[in-house]
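A quick write-up on the structure given underneath.
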2 protein chains.
Amino acid sequence: MRSYGQYCAVARALDLIGDRWTLLIARELYLRGPSRYTDLRDGLPGIATNLLADRLRELEEAGLVAREAAPPPVAATLFSLTERGRELRPVLAALLQFGKPMMVAPPGDDVVRSYWFTFPAEQFLVDHAPAEPPVTIEVRTGDQPLVLETVDGRVRARTGTADEPDAVIAGDPELVLGTLTGGLELAEAKRRGLRYKGDPKALRRVRGFTPAAA
Amino acid sequence: MRSYGQYCAVARALDLIGDRWTLLIARELYLRGPSRYTDLRDGLPGIATNLLADRLRELEEAGLVAREAAPPPVAATLFSLTERGRELRPVLAALLQFGKPMMVAPPGDDVVRSYWFTFPAEQFLVDHAPAEPPVTIEVRTGDQPLVLETVDGRVRARTGTADEPDAVIAGDPELVLGTLTGGLELAEAKRRGLRYKGDPKALRRVRGFTPAAA
DNA sequence: CGGCATCCTCTTTGATACTG
DNA sequence: CAGTATCAAAGAGGATGCCG
């Protein structure tokens with residue numbers, strides 16, 4: 001990217017990560033950890049393959065991304081965020097917060113990847129009763145199931161399934177998201193097609209606050 | 001901007017403000033308040049005028065910027081951030097934080113605008129002794145003087161001069177910035193050409209923490 | 001396969017000039 | 001002052017090819 005040529009921290013930050021796709025590449029690496037080239041491409045539908053290669057090289061030169069040859073059995077290159085690269089987390093979090101209101105509009109033609117929801121889940125959900133025994137919620141929306149678990153006051157999210165979840169929430173992404181983050185009442189979401197099975201307390205336990213705008 | 005087409009809050013946020021120049025326009029409006037077209041162009045050296053016009057229109061359509069005809073005596077169009085536009089503040093703040101380490105490199109050919117420093121000043125400086133009488137520091141670097149004032153625990157920054165400042169700090173931008181934010185010791189900065197007059201306590205009173213990397 | 005490089009087309013940007 | 005018009009250059013998108 002062409003530099004803005006301004007002695008300003010915001011401008012200099014954007015010189016590094018203001019290019020198209022760059023922050024989404026960071027999101028992928030942040031959410032999925034060390035990733036192969038093809039997995040990155042998969043999480044970034046629409047990116048031109050040469051562009052991904054270019055960006056990864058730029059990010060590597062900027063010291064935000066490291067490239068490591070995976071141990072022999074795997075035989076692949078792994079890309080990961082460096083310490084400095086992980087400092088992008090607050091930037092991603094701020095964008096997440098800003099973009100939150102725009103998630104009430106359903107996906108439409110937009111691609112969905114379930115693991116993208118792990119970020120808002122960990123960012124917006126809280127365990128409101130940390131003293132009580134932990135709860136587990138299985139989330140079924142998008143392309144693969146997720147699990148939410150309370151762990152010392154926080155909510156952890158991961159892809160996968162739970163053995164005996166306290167509740168299962170399933171349905172269209174915008175309904176699931178709205179219900180979890182608190183912009184949508186469970187009853188209303190159900191009327192719109194959300195399925196919720198299990199203990200309603202589990203949902204209330206982790207639900208986000210936001211009254212309007214999920 | 002072409003949409004990323006992803007049902008992800010980060011991607012949807014970037015659909016709105018991921019375009020080149022867009023966040024810097026937001027920075028200008030945020031720092032300077034309602035601004036005229038030509039003033040914006042002045043704070044964004046290098047931007048093509050048609051591009052500025054395009055971006056302002058896009059931002060207006062997105063509901064982030066409002067355009068108002070200034071009252072008769074002025075006879076000009078004023079652009080300002082809407083409520084929603086002001087929600088970009090955390091995004092700018094996160095970028096500021098991320099870009100902070102990159103400010104140790106001197107401006108070189110980069111353009112400098114003094115009022116750009118009001119953002120890091122208010123973000124990184126604290127009044128460490130709110131109980132004591134307020135202090136005022138005049139900052140001379142870049143194109144125009146700035147004033148830092150302690151106001152109930154916080155530090156307020158504005159362009160202009162002070163009548164009887166407790167201290168005056170002057171010199172190259174990277175020295176002033178490094179000294180204020182705490183990455184550079186005053187003695188070291190002085191050896192490199194920084195001028196500091198007045199009560200050294202005034203500086204210590206507001207100085208930021210960051211040990212390394214200004 | 002995984003990790004690119006090349007080629008081509010199309011869109012966006014940057015620079016400059018001009019206008020109500 | 002607040003833009004629009006024009007045009008060359010850079011960058012993005014898409015398809016395909018190559019190589020270990």
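Residue numbers start from 1 in every chain, and the chains themselves are labelled A, B, ... in the order their sequence lines are given, proteins ahead of strands. Note that the structure is a prediction, hence the values are computed from the model and not measured.
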Determine: side-chain N/O of [X] to OP1/OP2 of [N], distance under 4.0 Å, yes or no.
| X | N | answer |
| --- | --- | --- |
| A:R67 | C:dC4 | yes |
| B:W21 | C:dT12 | no |
| A:R36 | C:dC1 | no |
| B:R2 | D:dG14 | yes |

Which one, [options], comes nearest to the side chain of [X]?
| X | options | value |
| --- | --- | --- |
| B:A76 | C:dG2, D:dC1, D:dT4 | D:dC1 |
| A:R57 | C:dT13, C:dA5, D:dG3 | C:dA5 |
| B:R20 | C:dT13, D:dA12, D:dG3 | C:dT13 |

* Set of ring pair (Phe, Tyr, Trp, His ring centres under 6.0 Å) partners for A:Y4, sequence neighbours left out ->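 A:Y4 satisfies ring pair (Phe, Tyr, Trp, His ring centres under 6.0 Å) with B:W21 once adjacent residues are dropped.
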* Structure fact -> In short, A:S114 meets A:T141 closest at the heavy-atom pair OG-O, 2.8 Å
* Asked: Can the positive tip of A:R32 be found less than 6.0 Å from the middle of the six-membered ring of A:Y115, inside 45° of the ring normal?
  -> yes
* Answer yes or no for B:R84 and A:F98: cation-pi contact, defined as NZ/CZ to six-membered ring centre under 6.0 Å and angle to ring axis within 45°. => yes
* **Spacing of CD1 belonging to A:I25 relative to CG belonging to A:L29, to within rounding of 0.5 Å** => 7.5 Å
* Expressed in angstrom and rounded to an integer, what is the separation of A:Y37 atom OH from D:dC19 atom P? -> 17 Å
* Using atom CZ of A:R41 as one end and atom P of C:dA5 as the other, report the distance to the nearest whole Å. =>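 After rounding, the reported distance stands at 13 Å.
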Please table the atom pairs, donor to acceptor, closer than 3.5 Å between any side-chain atom in residues 162-169 of chain B and protein atoms at least two apart or in another chain.
residue, atom, partner, partner atom, Å
B:D166, OD2, B:T136, N, 2.7

* Can you sort out which residues in residues 43-50 of chain A have a heavy atom within less than 4.0 Å of DNA chain C? Ascending by number, please. =>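 Going residue by residue through residues 43-50 of chain A, the ones with a heavy atom under 4.0 Å of DNA chain C turn out to be A:T49, A:N50.
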